[in-house]
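Everything on this sheet refers to the single structure shown next.
For ligands, and for the atoms within them, numbers begin at 1 and follow the listed sequence. Please read these numbers as outputs of a predicted model, since none were measured by experiment. All residue numbers refer to positions in the sequence shown, counting from 1.
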Amino acid sequence: MTWTLISATPSPYARKVRIALQHKQIPFTLQTEVPWDSTTATPQYNPLEKLPILILDDCTAVYESHYILDWLETKHPEHPILPDDVDGKLFAKKIEVVCDGMCDALVIAFFEKMREKEKQSEPWKARQMRKVEGGLRQLNTWVEQNSNSKFMIGDSLTLADLAAGSFLGWFSIRYADYEWAKQYPDLKKYHDGLEEMEFFKNTRPSPQTMKDQIV
Ligand SMILES: N[C@@H](CCC(=O)N[C@@H](CS(=O)(=O)O)C(=O)NCC(=O)O)C(=O)O
């Protein structure tokens, strides 16, 4: 039996796991869902009702993307996604914190914008976008600090690239009018380099259609 990964077409969190499983040459079945619809299977596996969820052969569920990746790296260390050295490992996880945090802020802003206009809080939306502006600035600095490489840390693919590439790919489709590429050409060049890689190509995000009213 192979494992199953519950995912969603736009999910930047799930994309990290989809790339990591391929990088580690672990076969899996992709179960694509809309976690916002009542038809989703997420509550059967995750009390937080969120995907991605990795379902093992014995039906054990591993959930929360950063935990799934920690779990994978611990249980299946071959083809690592973390640098060898402790500081490198911690740095990669710090970069994931910033990228996931920007995704979280964008999810909050996205649903705030789904409310009737008069019910939307402008200060609350502005606060979320400030987090994205700060995170983009920080990502660009990190890319420039490793400018001789196509990767964020050292000269090989790590968790930092899975997180940064997944955020940037999703940001680009969800907020297509936000001109981050003009503002940060080095970050754009870095992102383009990742998108040429096989596992990024075959996990490109696409929008989903939500059926249920959730806000
Ligand atoms: N911190 C979580 C966030 C996961 C998350 O927010 N997933 C969304 C789907 S997506 O935004 O990744 O497409 C979800 O399942 N949301 C359903 C819910 O929050 O009830 C992780 O990293 O796994």
- Item | Atom indices of ligand 1, in the order listed, that fall short of 4.0 Å to a heavy atom of E64 | 1 (N), 2 (C), 21 (C), 22 (O), 23 (O)

- Check whether any side-chain N or O of D58 sits under 3.5 Å from a backbone N or O of T60 as a donor-acceptor pair, and report yes or no. yes

- Backbone N/O of G169 and side chain of R204: donor-acceptor pair under 3.5 Å: no

- Task: Supply the atom-to-atom distance R130 CZ to K125 NZ, rounded to the nearest 0.5 angstrom.
- Result: 14.5 Å

- Any N/O of S65 closer than 3.5 Å to an N/O of ligand 1? yes

- Non-hydrogen atom of P52 closer than 4.0 Å to ligand 1: yes

- Message: Pairs of nitrogen or oxygen atoms closer than 3.5 Å, one from D104 and one from ligand 1: do any exist?
- Response: no

- Query: For N202, does the CG atom sit with more than 12 other heavy atoms under 6.0 Å from it, leaving out its own atoms?
  - Reply: yes

- Task: Under 4.0 Å, heavy atoms only, figure out whether ligand 1 is touched by the backbone of E49, its side chain, both or neither.
- Result: backbone

- Considering L106, L51, V17, which one's heavy-atom position lies nearest to atom 4 (C) of ligand 1? L51

- Message: Rounded to the nearest 0.5 Å, what separates atom CZ in R174 from atom SG in C103?
- Response: 11.0 Å

- Message: Checking the side chain of K188 only, and the main-chain atoms of W180 only, is there a donor and an acceptor separated by less than 3.5 Å?
- Response: no

- Task: Would you mind finding which of Y13, W36, F111 brings a heavy atom closest to atom 16 (N) of ligand 1?
- Result: W36

- For atom 13 (O) of ligand 1, what is the nearest protein heavy atom, given as residue, atom name and distance? S11 CB, 3.4 Å

